[in-house]
K.L.:
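Here it is, the structure in full.
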Amino acid sequence: MSTRKVVVIPGDGIGTEITEAAQVVLDKVAKKAGLKLEFSLAYAGGAAIDRNGVPLPEETLSLVKNCDAVLLGAVGGPKWDSVSPDIRPEKAILGLRKALGLYANLRPIRVSEILTDYSPLKSEIVAGADILIVRELTGGIYFGEKCESETADGVEQAWDKELYSVPEISRIVRMACEAAAKRKGRVTSVDKANVLASSRLWRRVAEGTVKNYAGIELNHMYVDNCAMQLVLAPKKFDVIVTSNLFGDILSDEAAVIAGSIGMIPSASIGDGPGLYEPIHGSAPDIAGQGLANPIGTILSTAMLLRYSLNELVAADKIEQAVDKVLAKGYRTQDLYKAGLTKVSTEEMGRLVAEHI
Ligand code: NAD
């Protein structure tokens, strides 16, 4: 079996602790599955500004372009709040997305029975919800033409253009269909086709694309209705596919129903190496104290195995090990309640590894 290269970018704040914990788990599953993984360490964000003066050094770019997958902690923190805007730590994320051509962001929201009481929604509404949000990441209004200020008829105005092309829409819908084929086979395409021309094209292309996937069921939903349904009936969704702007908002809304920011992984995927990271930031308020929940990062390694290395069984093993550890009552500080067992970031990593 060939060696697969994984670049680990801890980043800043809790990034080092959570990626170390996740690497212990990845190492264990690799040993069990007979996978050969080669890890390289790279710098990005504030850590790279301190070392190299820029948030995304050339040596990091070269490593990530020549690997199979990238595992990222998080970047940023108050130490770099006053650096010049063109070298802010967050620029590293945009730079990585651009360099790797990452056009799809995948965010799974899975509410296990064990954690339903952490959700702001009632248990009976969320228990068993299992949604995958597929967000278009490189097009739409965030990257469209814009005007910061102009005067029309003596009045100041500003504008941003939402533009989607047929290839951009069809490739993200294909990604959603392929993901749905490994799940329950249902895709909900979210748009605002009653108002927006770009959404009407989105809807037409989604319908044409899904015809190529036997067994995938497509339905359409307006974004305002989707925002409501996510809190009223999250269990009715399987895969949601949507534009950059709508996906940005809906994926944060959906993350909240799972109850804890520390638990949710994400994947950004293109045609080359994928980038895997938890959805939270660098949490400078708890950095270096062993308080961070590493499960979002650990579950990101499961996505890495599934989507970049095509190691589906190994990915399932990680997710099952996380469930087992939670079922036994182990919790990091963020999810701790009386009667449970409080563990550090490092201990949580070791426990998950032991349950594989
Ligand atoms: P944050 O996600 O870092 O933290 C928000 C709150 O959630 C904090 O109270 C934090 O302690 C808690 N938290 C986050 N992750 C946790 C975990 N794994 N375990 C337990 N608790 C956790 O958001 P923020 O405070 O707004 O941002 C901090 C820094 O992170 C900023 O510099 C921001 O720009 C950056 N950031 C980076 C990314 C990224 O790298 N992708 C994403 C978001 C924010």
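Order of appearance sets the numbers: ligands from 1, and atoms from 1 within every ligand. Since this is a predicted model, take the numbers as computed values, not measurements.
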K.L.:
Does atom 32 (O) of ligand 1 have any protein heavy atom closer than 4.0 Å?
P.N.:
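Neighbour list for atom 32 (O) of ligand 1 includes protein heavy atoms (cut-off 4.0 Å).
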K.L.:
Is atom 6 (C) of ligand 1 less than 4.0 angstrom from some protein heavy atom?
P.N.:
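There is no protein heavy atom less than 4.0 Å from atom 6 (C) of ligand 1.
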K.L.:
Exactly one of M263, R331, H280 should register a side-chain contact (heavy atoms from CB on, under 4.5 Å) with N293. Which one does?
P.N.:
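Considering M263, R331, H280, a side-chain contact (heavy atoms from CB on, under 4.5 Å) with N293 is found only for M263.
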K.L.:
Heavy-atom contacts under 4.0 Å between I286 and ligand 1: side chain, backbone, both, or neither?
P.N.:
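For I286, only side-chain atoms sit under 4.0 Å from ligand 1.
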K.L.:
Give a yes or no on whether a salt bridge exists between E124 and K122, defined as a side-chain N under 4.0 angstrom from a carboxylate O.
P.N.:
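A salt bridge is absent here (no side-chain N lies under 4.0 Å from a carboxylate O).
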K.L.:
Can you name the closest pair of heavy atoms from A193 and R203 and give their distance?
P.N.:
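Smallest heavy-atom distance, with atoms named: CB-NE, 3.5 Å.
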K.L.:
Salt bridge or not between R110 and D130? Use side-chain N to carboxylate O under 4.0 Å.
P.N.:
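Salt bridge: no.
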K.L.:
For ligand 1, note which part of E277 has a heavy atom under 4.0 Å away: side chain, backbone, both or neither.
P.N.:
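The answer is the side chain.
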K.L.:
What part of I93, side chain from CB on, backbone N/CA/C/O, both or neither, has a heavy atom under 4.0 Å from ligand 1?
P.N.:
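Only the side chain of I93 comes within reach of ligand 1.
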K.L.:
Under 4.0 Å from ligand 1, counting heavy atoms only, is it the side chain of I261, its backbone, both or neither?
P.N.:
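Looking at I261 and ligand 1, just side chain atoms fall under 4.0 Å.
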K.L.:
Could you tell me if any non-hydrogen atom of G296 lies under 4.0 Å from any atom of ligand 1?
P.N.:
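Contact absent.
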K.L.:
Specify whether the nearest protein heavy atom to atom 18 (N) of ligand 1 is under 4.0 angstrom away.
P.N.:
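It does; a protein heavy atom is within 4.0 Å.
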K.L.:
Tell me the contacting part of D12 for ligand 1: side chain, backbone, both, or neither, using a 4.0 Å heavy-atom threshold, strictly below.
P.N.:
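Near ligand 1, D12 shows nothing, with every heavy atom at 4.0 Å or more.
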K.L.:
Side chain or backbone of P284 under 4.0 Å from ligand 1, or both, or neither, by non-hydrogen atoms?
P.N.:
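Side chain only.
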K.L.:
Would you say that T301 contacts V29 through its side chain, given a criterion of any heavy-atom pair below 4.5 Å between the two side chains?
P.N.:
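Heavy-atom side-chain distance check fails, nothing below 4.5 Å.
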K.L.:
Roughly how far, to the nearest 0.5 Å, is the OH atom of Y276 from the CG atom of L26?
P.N.:
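That separation rounds to 11.5 Å.
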K.L.:
Does this structure show an ion pair linking D12 with K79, if we count only N-O contacts that are shorter than 4.0 Å?
P.N.:
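K79 and D12: not salt-bridged.
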K.L.:
Hey, is V75 touching ligand 1 through its side chain, its backbone, both or neither, going by heavy atoms under 4.0 Å?
P.N.:
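V75 to ligand 1: contacts from backbone and side chain alike.
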K.L.:
Rounded to the nearest 0.5 Å, how far does CD1 of I264 lie from OG of S266?
P.N.:
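Answer rounded to 0.5 Å: 10.0 Å.
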K.L.:
In the complex you have, is atom 28 (C) of ligand 1 within reach of the protein, judged by whether a heavy-atom distance drops under 4.0 Å?
P.N.:
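Flag for atom 28 (C) of ligand 1 set to true, protein heavy atom closer than 4.0 Å.
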